[in-house]
*Asks:* 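Got a structure for you, written out below as structure tokens; questions coming shortly.
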Amino acid sequence: MSLKKESSPKRVQSPELGENEGKYVELHGWVHDIRILGKLTFLIIGDPYGYYQAVLKGELAKKGSSIPRQSYVILRGNVVKSVSKINPYEVQVNYIEIVNEADTVLPLDPASKVQSELMTRINNRPLDLRDSEERKIFLMRADVLHIIRDFLTQNGFVEVDTPKIIATASEGGAELFKVDYFGKPAYLAQSPQLYKEELVLALGKVFEIAHYFRAEKSNTVKHLNEFTSVDIESAMMGKFDVMKILEELIKHIYSSLKAKGYQVNELKGNFPIYTYEQVCDSTGVNFGEDLSSEVLNEFGKDKEFYFIIDWPLSLKPFYTMPKGEKLSESFDLMYKGLELASGGQRIHKYDLLVERLKANNLNPESFAEHLKVYRWGMPVHSGWGLGFDRLMMVLTGRNNIREVVLYPRDSRHLAP
RNA sequence: GCCCUGGUAGUAUAGCGGCCUAGUAUGCGGCGCUGUCACCGCCGUGACCCGGGUUCAAAUCCCGGCCAGGGCGCCA
């Protein structure tokens, strides 16, 4: 069918009703709700940008009253001021065309008269997104991605994209998904760590926003097997330099979202910085022990964004720059008890990197491709990785990471 | 990998040995209503996850499976 007929009136979308008052217009959308009062039918029509009311009288009222909810329709009519308590304007319909009828029994109700469980919603995600509250999460997600790209680019970072199919484990430790690469074993990348470090050799400041994969059978509200990470790496920067970039980025995201009309908190002051040892002292943890969820939840319960710096070397990956005998030039960015980002200064000396690989029971020979770069004049460098989905949890106030990912992949869900 | 909880119409829930011929809301179908706005009123439709067991009697108790929610660990 042709979407643009010669006789069609001007097509408008829900937010444009006010500026078209008194005009005869065409609107496309889905039937969100219906209220029938005898020979008068009210249709609440949704489109990607909002909702509005359409009024049908006489024969059209009868036709309109039998349209299944969520059906897609084309309406034409005059835009008038409404006496409705909710809608300032409404459309007095004189033409309605049903583009596609929806099933009369739907797997969930986007009008949310009855709230569905998370898995019911995810299993029917497109329909779930006809609910503006759910849709808003992903509109915001897209906006935040743009904001991050703009900010990092403005600050001189070059966007790169590195392979997600790799030959060997990039960091050791985490379980990787194994794939068959023309008969050879290969793995899905757990992070861009080694590539982004190699790239600062010539590009100086790089960032990458991409999906990564971990084959851990985590069963929590903050882990997925496929997740999105924002990574940066910069030559000739130390730990505090990249922490500052991270803090400024977070603050910039908040102020930009506010400017776009999103309801987000005001961030005041600088992010507090605690050393790992200070956290240990205030929570009774022994030096060298990792900070458990319980400890971090307790420590962070009355805090928002803050840093924990100078972690024991033994708790950080092999490429982390040592600070003295036992500590490292590292940091985590926390929000309450949730780890949002981690980073620090990296080792830039070949010999030290080999030594740290060995200390972590990793074989330097299997890192030969990576190590050779360190013989070519590698600068001092630092960087971080930010869990983008976790950041979205914080920005939206949702407490399950699955709520802010369209089609989440966890150990139990490979579809949809 | 370990641990806890739960699975009742399309959706969400009540019931937790016999009062269940399984209640309610919403959806869906029908009827009435010309200004609703979570419209309203009346009528109807539709469910105990699967397989064993205990018992005179199981939606309800026990075991196994499957599915789901959450905690720990791992981390982003």
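Numbered from 1 within each chain, the chains take letters A, B, ... in sequence-line order.
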*Asks:* Any side-chain N or O of Arg412(A) below 4.0 angstrom from OP1/OP2 of C66(B)?
*Replies:*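 No, outside the criterion.
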*Asks:* For a quick check of understanding: with a heavy-atom distance under 4.0 Å over all strands, which category does Ser112(A) fall into, base, sugar-phosphate or nothing?
*Replies:*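 Touches nothing.
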*Asks:* Heavy atoms only, 4.0 Å cut-off, all strands: where does Val230(A) land among base, sugar-phosphate and nothing?
*Replies:*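 Touches nothing.
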*Asks:* If the plane angle is over 60° it's perpendicular, under 30° parallel, otherwise tilted; pick one for Tyr374(A) and His381(A).
*Replies:*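 The arrangement is tilted - the two ring planes meet at 30° to 60°.
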*Asks:* On RNA chain B, compare the nucleotides closest to Glu226(A) and Gln53(A); which residue's is nearer the 5' end?
*Replies:*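 Its nucleotide being nearer the 5' end, the pick is Gln53(A).
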*Asks:* Evaluate Lys336(A) against Asp302(A) for salt bridge (Lys or Arg N to Asp or Glu O under 4.0 Å), listing each step before the verdict.
*Replies:* CA-CA 7 Å; Lys336(A) 298 183 189 288; Asp302(A) 53 357; over 6 Å; no
*Asks:* Using OP1 and OP2 only, check whether a side-chain N or O of Lys113(A) sits under 4.0 Å from G27(B).
*Replies:*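 Checking Lys113(A) against G27(B): at least one side-chain N or O falls below 4.0 Å of OP1 or OP2.
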*Asks:* For Tyr212(A) and C74(B), what is the distance between atoms OH and P respectively, to the nearest whole Å?
*Replies:*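 Interatomic distance, OH of Tyr212(A) to P of C74(B): 23 Å.
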*Asks:* Of the nucleotides C33(B), G35(B), C28(B), which has the atom closest to the Gln92(A) side chain?
*Replies:*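 Looking only at heavy atoms from C-beta outward on Gln92(A), the closest nucleotide is G35(B).
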*Asks:* Within the 4.0 Å heavy-atom criterion, would you say Leu340(A) contacts the bases, only the backbone, or no part of the nucleic acid?
*Replies:*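 The residue Leu340(A) makes sugar-phosphate contact but no base contact.
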*Asks:* Is a side-chain donor or acceptor of Thr220(A) paired with a backbone partner of His223(A) at a separation under 3.5 angstrom?
*Replies:*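 At least one qualifying donor-acceptor pair exists.
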*Asks:* With Watson-Crick and G-U wobble geometry limited to distances under 3.5 Å, how should the secondary structure of RNA chain B be encoded in dot-bracket form, using | for bases paired to another strand and [ ] for crossing pairs?
*Replies:* (((((((..((((....[....))))((((((.......))))))...(((((..]....))))))))))))....
*Asks:* Would you say Glu208(A)'s side chain and Pro192(A)'s backbone share a donor-acceptor pair under 3.5 angstrom?
*Replies:*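 Between the backbone of Pro192(A) and the side chain of Glu208(A) there is no qualifying donor-acceptor contact (under 3.5 Å).
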*Asks:* For a quick test of reading the model, state the closest non-hydrogen atom pair linking Ser411(A) to Ser218(A) and the distance between them.
*Replies:*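 Shortest heavy-atom separation between Ser411(A) and Ser218(A) comes out as OG-O, 3.7 Å.
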*Asks:* Would you indicate, yes or no, if A68(B) has its OP1 or OP2 atom less than 4.0 angstrom from a side-chain nitrogen or oxygen of His413(A)?
*Replies:*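 It does, given that an N or O in the side chain of His413(A) lies less than 4.0 Å from OP1 or OP2 of A68(B).
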*Asks:* Does anything in residues 117-126 of chain A reach RNA chain B, meaning a heavy atom under 4.0 Å, and if so which residues?
*Replies:*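 By residue number: Glu117(A), Met119(A), Thr120(A).
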*Asks:* Categorize Leu224(A) for me: base, sugar-phosphate, or nothing, with a 4.0 angstrom heavy-atom threshold over every strand shown.
*Replies:*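 The residue Leu224(A) makes base contact.
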*Asks:* Should the ring pair Tyr212(A) and Phe227(A) be called parallel, tilted or perpendicular, given that the plane angle runs from 0 to 90° and is split at 30 and 60?
*Replies:*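 Plane angle between 30° and 60°, so tilted.
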*Asks:* Can you see which heavy atom on Gly238(A) is nearest to which on Gln345(A), and at what distance?
*Replies:*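 Nearest pair, atom of Gly238(A) first, then Gln345(A): CA-NE2, 4.2 Å.
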*Asks:* With a non-hydrogen cut-off below 4.0 angstrom, is Gln70(A) in contact with a base, only sugar-phosphate, or nothing?
*Replies:*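 No contact.
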*Asks:* Please name the residue in the list Glu197(A), Glu329(A), Glu233(A) that meets the side-chain hydrogen bond (donor to acceptor under 3.5 Å, both in side chains) test with Arg346(A).
*Replies:*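 Exactly one option meets the side-chain hydrogen bond (donor to acceptor under 3.5 Å, both in side chains) with Arg346(A), and it is Glu233(A).
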*Asks:* Heavy atoms from C-beta onward define the side chain here; which of C37(B), C72(B), C75(B) lies closest to that of Glu339(A)?
*Replies:*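 Selected nucleotide (nearest to the side chain): C75(B).
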*Asks:* Under 4.0 angstrom, heavy atoms only, what part of the nucleic acid is Asp389(A) near: base, sugar-phosphate, or nothing?
*Replies:*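 Here Asp389(A) touches no strand at all.
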*Asks:* Between C40(B) and U34(B), how far apart are the C1' atoms? Round to whole Å, please.
*Replies:*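 It works out to 14 Å between them.
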*Asks:* Below 3.5 Å between N/O atoms, which protein atoms pair up with nucleotides 42-50 of chain B? Just atom names and distances, please.
*Replies:*
none

*Asks:* Under 30°, 30 to 60°, or over 60°: which ring-plane class applies to Tyr254(A) and Phe305(A), parallel, tilted or perpendicular?
*Replies:*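 Rings of Tyr254(A) and Phe305(A): perpendicular, as their planes differ by over 60°.
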*Asks:* Does Arg390(A) get its side chain close enough to the base of C75(B), under 3.5 Å, for a donor-acceptor pair?
*Replies:*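 Side chain to base: pair present.
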*Asks:* Between Ser229(A) and A76(B), is there a side-chain N or O to OP1/OP2 distance below 4.0 Å?
*Replies:*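 Checking Ser229(A) against A76(B): no side-chain N or O falls below 4.0 Å of OP1 or OP2.
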*Asks:* So Phe151(A) and His252(A), would you call those rings parallel, tilted or perpendicular, with 30° and 60° as cut-offs?
*Replies:*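 If you compare the ring of Phe151(A) with that of His252(A), the planes turn out tilted.
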*Asks:* Of the listed nucleotides (U34(B), A12(B), C72(B)), which one gets closest to any side-chain atom of Leu40(A)?
*Replies:*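 Nucleotide nearest to Leu40(A)'s side chain: U34(B).
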*Asks:* Categorize Gly38(A) for me: base, sugar-phosphate, or nothing, with a 4.0 angstrom heavy-atom threshold over every strand shown.
*Replies:*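 Answer is base: heavy atoms of Gly38(A) come under 4.0 Å of a base.
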*Asks:* In terms of ring plane angle, is the pair Tyr72(A) and Trp30(A) parallel, tilted or perpendicular, where the classes change at 30° and 60°?
*Replies:*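 Tilted.
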*Asks:* Is Gln115(A) side chain donor-acceptor paired with the U11(B) base, going by distance under 3.5 Å alone?
*Replies:*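 No, the side chain and the base share no sub-3.5 Å donor-acceptor pair.
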*Asks:* Which nucleotide in the list G27(B), C28(B), U11(B) gets nearest to the side chain of Thr104(A)?
*Replies:*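 Of all the options, the side chain of Thr104(A) is nearest to C28(B).
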*Asks:* Counting only N and O atoms by type, is there a donor-acceptor contact under 3.5 Å from the side chain of Glu247(A) to the main-chain atoms of Phe271(A)?
*Replies:*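 Yes; at least one donor-acceptor contact below 3.5 Å.
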*Asks:* Under 4.0 Å, counting only non-hydrogen atoms across every strand here, what does Thr220(A) touch: a base, just sugar-phosphate, or nothing?
*Replies:*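 Thr220(A): base contact, heavy atoms under 4.0 Å.
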*Asks:* From U36(B), A76(B), U26(B), pick the nucleotide closest to the side chain of Asp109(A)?
*Replies:*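 Taking heavy atoms from C-beta onward, the closest nucleotide is U26(B).
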*Asks:* Please determine, for the side chain of Lys57(A), which listed nucleotide (C72(B), A25(B), G35(B)) has the closest atom?
*Replies:*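 Closest of the options to the side chain of Lys57(A): G35(B).
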*Asks:* Lys222(A) NZ to C74(B) P: how many Å, rounded?
*Replies:*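 Distance check: Lys222(A) NZ to C74(B) P gives 10 Å.
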*Asks:* How many Å lie between NZ on Lys39(A) and P on G32(B), as a whole number?
*Replies:*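 In whole Å, G32(B) P lies 9 Å from Lys39(A) NZ.
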*Asks:* Nearest whole angstrom, please: distance from the C1' of C74(B) to the CD of Gln190(A).
*Replies:*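 Those two atoms, CD and C1', are 11 Å apart.
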*Asks:* Select one nucleotide: of C74(B), G35(B), U11(B), the one nearest the side-chain heavy atoms of Ser218(A).
*Replies:*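 Nearest nucleotide to the side chain: C74(B).
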*Asks:* Students often get this wrong, so: under 4.0 angstrom with heavy atoms, is Asp103(A) touching a base, only sugar-phosphate, or nothing?
*Replies:*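 Nothing: the residue Asp103(A), judged by heavy atoms under 4.0 Å, touches no strand.
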*Asks:* Pick the closest RNA chain B nucleotide for Pro107(A) and for Glu90(A) by heavy atoms, then say which residue is nearer the 5' end.
*Replies:*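 This one resolves to Pro107(A).
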*Asks:* Measuring from the side chain of Ser116(A) (C-beta onward, heavy atoms only), which nucleotide among G69(B), G71(B), U11(B) has the closest atom?
*Replies:*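 So the side chain of Ser116(A) is nearest to U11(B).
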*Asks:* In whole Å, what separates the C1' atom of C72(B) from that of U54(B)?
*Replies:*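 35 Å, rounded to whole Å.
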*Asks:* Where do Leu313(A) and Ser328(A) come nearest, in terms of heavy atoms and distance?
*Replies:*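 The pair with the smallest heavy-atom distance is CD1-CB, 3.7 Å.
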*Asks:* Is it true that a side-chain atom of Asp47(A) and a backbone atom of Ser14(A) form a donor plus acceptor pair closer than 3.5 Å?
*Replies:*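 Pair found, side chain donor or acceptor close to backbone of Ser14(A).
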*Asks:* Can you check whether Ser84(A) has a side-chain N or O nearer than 4.0 Å to OP1 or OP2 of G35(B)?
*Replies:*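 No, outside the criterion.
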